[in-house]
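Step one of this worksheet: look at the structure below.
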Amino acid sequence: MAGALTISAGAAAQTAPPATENAATTADNAVMLTVFLKHDQSRPLSELNAQLDRQGYYKAFPPDGVEVVSWYVMMGIGQVVTLRLPASRLREVNRILENTAWGSYRTEFYPTYDYKAIGIAAHDKAVQAPAQPSK
């Protein structure tokens with residue numbers, strides 16, 4: 001009985017939005033999230049898009065206040081979207097995709113960070129370093 005109560009309480013908690021759901025992104029609360037939206041290759045694109053439209057995907061994703069850093073089509077795979085958002089809104093983004101994208105897409109989520117400046121600086125430093133004499 002206690003197990004059933006725990007499951008019921010957890011299910012109820014999933015439906016209640018967190019108090020910080022509409023928090024603004026700041027330097028100290030921001031996370032980046034890369035989402036792979038792998039399309040169902042057994043169905044035509046027109047059918048997938050019609051399902052996404054019926055499920056409200058185009059209206060709901062991305063939610064207001066979530067920054068789209070990049071959004072690419074990866075041919076043969078689907079779409080790859082990188083978002084910047086307050087950590088407190090991670091659940092909201094996940095639920096939107098669960099409710100509106102599933103069926104047309106299989107989803108994968110990856111925490112992400114911007115490494116471009118560090119990578120370029122390391123490359124530039126290596127290119128500018130004097131050549132080591134060979135032995």
Side-chain angles (χ1 to χ4, degrees):
M1 181 75 171
L5 292 174
T6 303
I7 292 169
S8 297
Q14 282 290 318
T15 59
T20 58
E21 188 169 282
N22 292 321
T25 305
T26 63
D28 63 337
N29 75 0
V31 295
M32 286 177 44
L33 181 69
T34 296
V35 182
F36 277 46
L37 299 166
K38 296 182 173 187
H39 64 269
D40 180 352
Q41 294 184 4
S42 69
R43 297 166 50 202
L45 184 59
S46 59
E47 188 179 308
L48 297 174
N49 284 332
Q51 180 179 355
L52 291 168
D53 192 41
R54 282 191 309 274
Q55 292 173 181
Y57 170 78
Y58 297 111
K59 212 176 226 190
F61 184 79
D64 288 340
V66 170
E67 177 188 352
V68 176
V69 176
S70 64
W71 195 332
Y72 296 98
V73 169
M74 187 180 294
M75 293 186 299
I77 301 293
Q79 298 179 22
V80 180
V81 184
T82 301
L83 306 170
R84 182 176 290 115
L85 60 144
S88 62
R89 296 191 66 193
L90 183 61
R91 177 187 166 276
E92 173 191 3
V93 170
N94 181 58
R95 291 293 301 234
I96 286 170
L97 290 169
E98 286 177 347
N99 289 328
T100 66
W102 283 11
S104 292
Y105 294 115
R106 286 180 297 115
T107 57
E108 294 180 15
F109 298 86
Y110 300 95
T112 310
Y113 59 94
D114 188 350
Y115 190 74
K116 182 179 178 181
I118 296 166
I120 290 172
H123 170 76
D124 291 348
K125 182 178 176 185
V127 170
Q128 295 170 2
Q132 298 296 322
S134 41
K135 295 183 178 183

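It should be emphasised that the depicted structure is a prediction, and the values quoted were computed from it without experimental measurement.
Cluster annotation: Y110 and L97 are assigned to distinct hydrophobic clusters (Ile/Leu/Val/Met/Phe/Trp/Tyr, side-chain heavy-atom contacts under 4.5 Å, transitive). In the hydrophobic clustering of ILVMFWY residues, with side-chain heavy atoms under 4.5 Å counting as a link, Y115 and V69 come out apart. Linking Ile, Leu, Val, Met, Phe, Trp and Tyr residues whenever their side-chain heavy atoms come within less than 4.5 Å leaves L45 and I77 in two separate clusters. No continuous path of ILVMFWY side-chain contacts below 4.5 Å connects V35 to M32, so the two sit in separate hydrophobic clusters.
A distance of 13.0 Å separates CD in Q79 from OH in Y72, rounded to the nearest 0.5 Å. Note that the CE atom of M74 and the CZ atom of F36 stand 4.5 Å from one another [nearest 0.5 Å]. The line from CG of L83 to CH2 of W71 is 8.0 Å long, rounded to the nearest 0.5 Å.
Classification of E92 and R89 as a salt-bridged pair holds, one side-chain N sitting under 4.0 Å from a carboxylate O.
Under the salt bridge (Lys or Arg N to Asp or Glu O under 4.0 Å) criterion, D114 pairs with no residue at all, not counting sequence neighbours.
Each of L37, T34, L33 was evaluated against V81; a single residue qualifies, L37, per the side-chain contact (heavy atoms from CB on, under 4.5 Å) test.
In this structure, T100 and L52 approach most closely via the heavy-atom pair O-CD2, 3.6 Å. Heavy-atom minimum distance, L48 versus S104: O-OG, 3.1 Å. A30 approaches R84 most closely through the heavy-atom pair CB-CG, 4.2 Å. Heavy atoms only, all atoms of each residue included: P63 and V93 are closest at CG-CG2, 4.1 Å.
Side chain of Q55 to main chain of W102: a donor-acceptor pair is present (N/O by atom type, distance under 3.5 Å, no hydrogens or angles). Between the side chain of Q41 and the main chain of G76, a donor-acceptor pair closer than 3.5 Å is present. Judged by distance alone, with hydrogens and angles left aside, the side-chain atoms of N94 form no donor-acceptor pair with the main-chain N or O of L90 at under 3.5 Å.
No more than 12 heavy atoms of other residues, nucleotides or ligands lie within 6.0 Å of OH in Y113, so this atom counts as exposed by the packing criterion.
Relative orientation of the Y105 and Y57 rings is tilted, given thresholds of 30° and 60° on the angle between their planes.
The salt bridge (charged side-chain N to carboxylate O under 4.0 Å, His left out) analysis of residues 36-52, with sequence neighbours excluded, yields the pairs K38-E108, D40-R43, R43-E47.
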Atom pairs and distances, donor-acceptor, side-chain atoms in residues 119-128, under 3.5 Å, two or more places apart:
none

